[in-house]
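Beneath this line is the structure, given in structure tokens, with notes to follow.
Just so it is clear: chains get the letters A, B, ... in the order the sequence lines come, proteins before strands, and each one is counted from 1. Just so it is clear, the values below take in all heavy atoms, side chains as well, and ignore hydrogens, waters and symmetry mates.
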There are 2 protein chains.
Amino acid sequence: MNSARRQATRQKLYEAAVTLIAEQGFSSTTVDEIAERAGVAKGTVYYNFASKTELFEELLRHGVGLLTRSLREAAEAGVKTSGRHVDALDAMIRAGLDFIARYPAFTQLFVAELWRTNRAWQSTLLMVRQDAVTVVATVLKDAVDAGELSEELDIPLTASALFGMVLVAALDWQAFQPERSIDDVHAALSRLLQGRVASG
Amino acid sequence: MNSARRQATRQKLYEAAVTLIAEQGFSSTTVDEIAERAGVAKGTVYYNFASKTELFEELLRHGVGLLTRSLREAAEAGVKTSGRHVDALDAMIRAGLDFIARYPAFTQLFVAELWRTNRAWQSTLLMVRQDAVTVVATVLKDAVDAGELSEELDIPLTASALFGMVLVAALDWQAFQPERSIDDVHAALSRLLQGRVASG
DNA sequence: GTTTTTATACTGACCGGTCAGTTCAATCAC
DNA sequence: GTGATTGAACTGACCGGTCAGTATAAAAAC
């Protein structure tokens, strides 16, 4: 059980499912399509996952796991180089952009599901969302504690707003201006964040 | 044709469809459900709209029409009172929050579909998105032309980022902290936007 | 001012297709 | 030789769209 071979099959199924569901949505994506895209028999899907829904839930956990790990590592590395927590924040924005550039399909799918209610996987989604927001909020809190950011900062709301800013800007970048470099996008967002927008 | 009665039926169908699709997504929402929620027979749906997809597309146009009108009015009123374009921007943020508070279901649905590809209504979505972003970008451009914002400002990307900031913060507010007042949320976003985040 | 006609709006049973999930004997790979 | 995969057939619930018929109200005919 859980052999390397099986792991590889599951990975193929994740990759097939993520692009199809990002394009078409969960309900319009058929299990037959997923199996075909993954180059696997339909029976294999049900040998590896209890249901279509469970495949999707594990996919969510898998993807958000990658994101949070990447954000955490960026934050740690960012604070280590300069000792300033705002640099950790900036490094996290960069890591977010990297993630979205690398896994655009997962990001689309995540956004599409995030604020839906009454879905089978709602509790799973709430948990993984909490994981991701916590990483951002923690860095914000550290920066406030260190006196780098105002004590009046509304941490949870700001974490959400930052998350949204990066998310929407990056998705628009991917969808409508894919020729731009990541450095370019990163610079524009950093500027906006650091209040260097006002003229003079 | 286009009688008051028919208009009323279409309105009922919009209202029924928007909440159901926001909760469940387009594909998981059945025409039977929409009809039942609207208190109307299934045939009536097809008497008023050519297909489920067309109902959805007209719903998108209808909703984004409301949003852009509201943003435009806010921007005009905002610039009139003080003559400063950054106040128009702030007024637009407020109008965005108002809209999301008033039509949360439409907002959810719009976000969920915005970055999907390969969907029947993609072109419709692209058009209405363009309408909305243009309103924001226009105000940004006016502010830059008036010397209130830096000339180096990346207008389209900043417009997207602002849009995302307000969108995600507001959806999180609605979903996870609905007890907070709109003034409170508005203040936090204004602060973030105007660079009053850094301490000191 | 009552009957007839017409146009529009609405109804709901029904049909044909689709799809998640099941089953299982046969084959493969380590 | 045991765990993993295949492939194909099958089931049954579900759903988008259709259509013959009904309801309503206003105009036309008498």
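Regarding contacts with the backbone of C/dT11, a side-chain N or O of B/Thr44 is found under 4.0 angstrom from either OP1 or OP2. In terms of phosphate contacts, A/Tyr47 brings no side-chain nitrogen or oxygen within less than 4.0 Å of OP1 or OP2 of D/dT5. Taking side-chain N and O atoms only, B/Ser51 has no distance below 4.0 Å to OP1 or OP2 of D/dG16. Using a 4.0 Å cut-off, no side-chain N or O of B/Thr30 falls inside it from OP1 or OP2 of D/dC14. In terms of phosphate contacts, B/Asn48 brings a side-chain nitrogen or oxygen within less than 4.0 Å of OP1 or OP2 of C/dC10.
Atom pair B/Asp32:CG and C/dC14:P shows a separation of 14 Å (rounding to whole Å applied). The distance from atom CZ of B/Arg10 to atom C1' of C/dA9 is 13 Å, rounded to the nearest whole Å. One interatomic measurement links the two molecules: CZ of A/Arg6 to P of D/dT2, which rounds to 18 Å at whole-angstrom precision. Remark: P of D/dA20 and OH of B/Tyr46 are 18 Å apart, rounded to the nearest angstrom. Distance CD (B/Glu36) to C1' (D/dC15): 15 Å, rounded to an integer number of Å. If you take CZ of B/Phe49 and C1' of D/dG16, they are 16 Å apart, rounded to a whole angstrom. Between the CD atom of A/Glu54 and the P atom of C/dG21 there is a distance of 11 Å, given to the nearest Å. The distance between atom CD of A/Gln7 and atom P of D/dT5, rounded to the nearest whole Å, is 10 Å.
Side-chain atoms of B/Ser190 and B/Arg94 form no donor-acceptor pair, as typed in the model, at a separation below 3.5 Å. In this structure, a donor-acceptor pair under 3.5 Å is present between the side chains of B/Glu15 and B/Gln11. Donor-acceptor pairing under 3.5 Å is lacking for the side chains of B/Asp184 and B/Trp173. Side chains of B/Thr158 and A/Arg191: a donor-acceptor N/O pair is absent below 3.5 angstrom, by distance only.
Each of A/Val31 and A/Gly43 has a nearest nucleotide on DNA chain C; the 5'-most of these lies closest to A/Val31.
At a threshold of 4.0 angstrom between heavy atoms, the contacts of A/Ser28 with the nucleic acid are absent. As judged by a 4.0 angstrom heavy-atom cut-off over every strand, B/Thr53 is placed among residues making no nucleic acid contact. The residue B/Lys42 sits close to a base: some heavy atom pair falls under 4.0 Å.
Here C/dG21 is the nucleotide among C/dC10, D/dT6, C/dG21 with the atom lying nearest to any side-chain atom of A/Lys52. Nearest nucleotide to the B/Arg5 side chain, out of C/dG21, C/dA9, D/dT6: C/dA9.
Judged by the 6.0 Å distance and 45° axis criteria, A/Arg69 is not positioned over the aromatic ring of A/Phe99.
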